[in-house]
Amino acid sequence: MIKILNYNEVDNAEIFARFEPTSSVEDIVADIIANVRENGDKALFEYTARFDKAQLNTLQVTAEEIEEAVAAVEPEFIEILRKAAANIRKFHEAQKRQSFIINDTDGVVMGQKIIPVDRAGLYVPGGTAAYPSTVLMDAIPAKIAGVREVVMVTPPSADGKVNPAILAAASVAGVDRIFKVGGAQAIAALAYGTESIPKVDKIVGPGNAFVAEAKKQVFGQVSIDMIAGPSEILIVADGKTNPRYAAADLLSQAEHDKLASAVLVTDSPALAQAVSDELERQIPLLDRAAIARASIDNNGKIIVADNLDVVIDIANEIAPEHLELCVDNPFDYLDKIRHAGSIFMGRNCPEALGDYFAGPNHTLPTSGTAKFSSPLSVDDFVKKTQYTYFTADALKKVAYDVAKFAEKEGLTGHAKSAVVRLEEE
């Protein structure tokens, strides 16, 4: 049963406690990365046989396999994928940045260029946790950014095939190449390259603890989006909130993972009890009831505070991945929410809308990192290069200022380079 905590009556450490992993996978992942770096495709085939029970002759998904997968998926779902993709494109098109140039000083031109990375790698979970939504959310922003090649890795099932819905989503999103490999070994392959899989510049996408640790270890060799932890939802709710809706929304995240976190913060003790009762009624009805039960019992909580201002302060301190604002006039409170990955406004906006269809990205900062991190976006697939141009006359006006600055830092070579052209004159 979910815990109900009265704010200011229990220690803040219990209010703000998060799941902390106890087992370390660092050494295992380091060995996998080293093996892939040394042995390339051979290591990938061996790991795929060991972990996925699949005996492969080739790693790359063929065009024929993609065509077969699209044909195997019901047309209704293909149409839903296309609708979702259109919404995601519309939202992310608005994120595109423009290069700029400043030339308002005689003889001086400065600017910044926005340049997409050459190649992006997308990690998409497979097997029992197959998420075609992740394909759309990761590939579409990369394509909008102008990435030349989008490479996807995803683990195969034991028969050596990739989930057809994942391949259908990749077709809709415009993924360029797809490889049948998962786990830490897939991250290593993207980071360093193998005979079959090209080295990428950026790796994005969710995964288990081994995938997250691998991304952490290869960061610096390549860029990554974030180190994602277990999924989270926090619902800010007043006493008018329907407890059935709130319980269902909490369970939409609890069913992800036994380690997922589902939190309700409210100013209504009556709602707190009603939601607790609803959770007990709804959990047994879920296909993934055992997972949801473990999540709710171990990591779920309902926090009762005196008023909505305190409720929002608590939400900001937790800085959740997903935040539902279930109150009247939610836009009145929007500016008060400072730390959240994605905000769902009002009583008719379940978090599942964001997972699949609405348009904003569902790859979000977790574990409180929303205090300093952002959702996946077009920005993740571009870099900025700046440039400067001075004429001889323009340099003459500032050279001695530059030299003086350099001398203050004890860098006489810098100072000399600023004035040497003037000395020649």
Side-chain angles (χ1 to χ4, degrees), residues 1-12 14-19 230-330 333 336-337 339-355 366:
M1 183 172 290
I2 197 166
K3 299 182 288 289
I4 299 179
L5 308 174
N6 291 311
Y7 189 63
N8 289 331
E9 293 183 13
V10 297
D11 193 288
N12 276 2
E14 188 172 0
I15 295 288
F16 300 115
R18 290 183 184 274
F19 167 78
S231 188
E232 306 166 343
I233 185 171
L234 184 146
I235 300 176
V236 167
D238 61 19
K240 299 178 185 177
T241 300
N242 188 317
R244 289 179 58 219
Y245 301 168
D249 291 358
L250 290 171
L251 292 175
S252 72
Q253 291 306 291
E255 73 171 354
H256 262 299
D257 188 333
K258 292 180 180 180
L259 304 179
S261 169
V263 177
L264 173 75
V265 192
T266 181
D267 61 349
S268 169
L271 178 70
Q273 187 59 55
V275 171
S276 177
D277 294 342
E278 270 297 318
L279 288 169
E280 294 307 302
R281 187 185 71 81
Q282 293 185 29
I283 288 173
L285 305 178
L286 297 176
D287 290 346
R288 296 165 66 93
I291 293 172
R293 168 57 68 192
S295 169
I296 291 295
D297 289 355
N298 297 328
N299 304 312
K301 64 186 76 170
I302 298 174
I303 303 166
V304 181
D306 290 339
N307 55 65
L308 278 181
D309 286 337
V310 178
V311 166
I312 289 174
D313 286 344
I314 294 169
N316 279 323
E317 180 59 29
I318 293 174
E321 178 186 18
H322 308 96
L323 188 149
E324 287 189 10
L325 199 51
C326 295
V327 296
D328 289 336
N329 305 313
Y333 297 87
K336 295 181 180 181
I337 303 296
H339 306 305
S342 193
I343 304 172
F344 301 84
M345 307 284 289
R347 306 187 195 280
N348 301 300
C349 194
E351 181 276 327
L353 272 173
D355 272 350
T366 62

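Each residue takes its place number in the sequence, starting with 1.
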Could you pull out all residues at least two apart from [X] that satisfy salt bridge (Lys or Arg N to Asp or Glu O under 4.0 Å)?
X: Lys336; answer: Asp309
X: Glu255; answer: none
X: Asp277; answer: none
X: Arg244; answer: none

Atom [atom1] of [X] and atom [atom2] of [Y]: how far apart are they, to the nearest 0.5 Å?
X: Ile303; Y: Asn8; atom1: CD1; atom2: CG; answer: 11.5 Å
X: Leu323; Y: Glu232; atom1: CG; atom2: CD; answer: 11.0 Å
X: Leu285; Y: Leu251; atom1: CG; atom2: CG; answer: 9.5 Å

Are the side chains of [Y] and [X] in contact, using a 4.5 Å heavy-atom criterion?
X: Arg288; Y: Ile283; value: no
X: Val327; Y: Thr241; value: no
X: Asn348; Y: Tyr245; value: no

Check your understanding: Does Lys301 use its side chain to pair, donor to acceptor, with the backbone of Ile2 at less than 3.5 Å?
Key ->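 It does not hold such a pair.
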Exercise for review: Spell out, as yes or no, whether a donor-acceptor pair under 3.5 Å connects the side chain of Ser295 to the backbone of Ala292.
Suggested key: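 Not at all, since once roles are kept as given, no pair shorter than 3.5 Å links the two residues.
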Review point. Which heavy atom in Ala315 sits nearest to a heavy atom in Pro320, and how many Å separate them?
Key: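 Result for this residue pair: O-CD, 3.4 Å.
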**Study point:** Minimal non-hydrogen separation, Cys349 against Met345, with atom names
**Key:**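 Result for this residue pair: CB-O, 3.3 Å.
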Review point. Who are the side-chain hydrogen bond (donor to acceptor under 3.5 Å, both in side chains) partners of Asp297, not counting sequence neighbours?
Key: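 Testing Asp297 for side-chain hydrogen bond (donor to acceptor under 3.5 Å, both in side chains), a comparison that skips the adjacent residues, returns Arg293.
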Practice item. Could you list all the side chain to side chain donor-acceptor pair (under 3.5 Å) pairs where at least one residue sits in residues 316-330, not counting sequence neighbours? Key: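 Listed once each, the pairs are Ser231-Glu321, Lys240-Asp328, Glu317-Lys371, His322-Glu351, Asp328-Arg347.
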For [X], what residues pass the side-chain contact (heavy atoms from CB on, under 4.5 Å) criterion, not counting sequence neighbours?
X: Asn6; answer: Glu9, Val304
X: Ser342; answer: Phe344, Leu364
X: Val310; answer: Tyr7, Ala305, Asn307, Ile314

Only pairs under 3.5 Å count here: list side-chain donor-acceptor contacts from residues 258-272, not counting sequence neighbours, and write none if there are none.
from	atom 1	to	atom 2	distance (Å)
Thr266	OG1	Ala237	O	2.8
Thr266	OG1	Ser268	N	3.0
Ser268	OG	Leu271	N	3.0

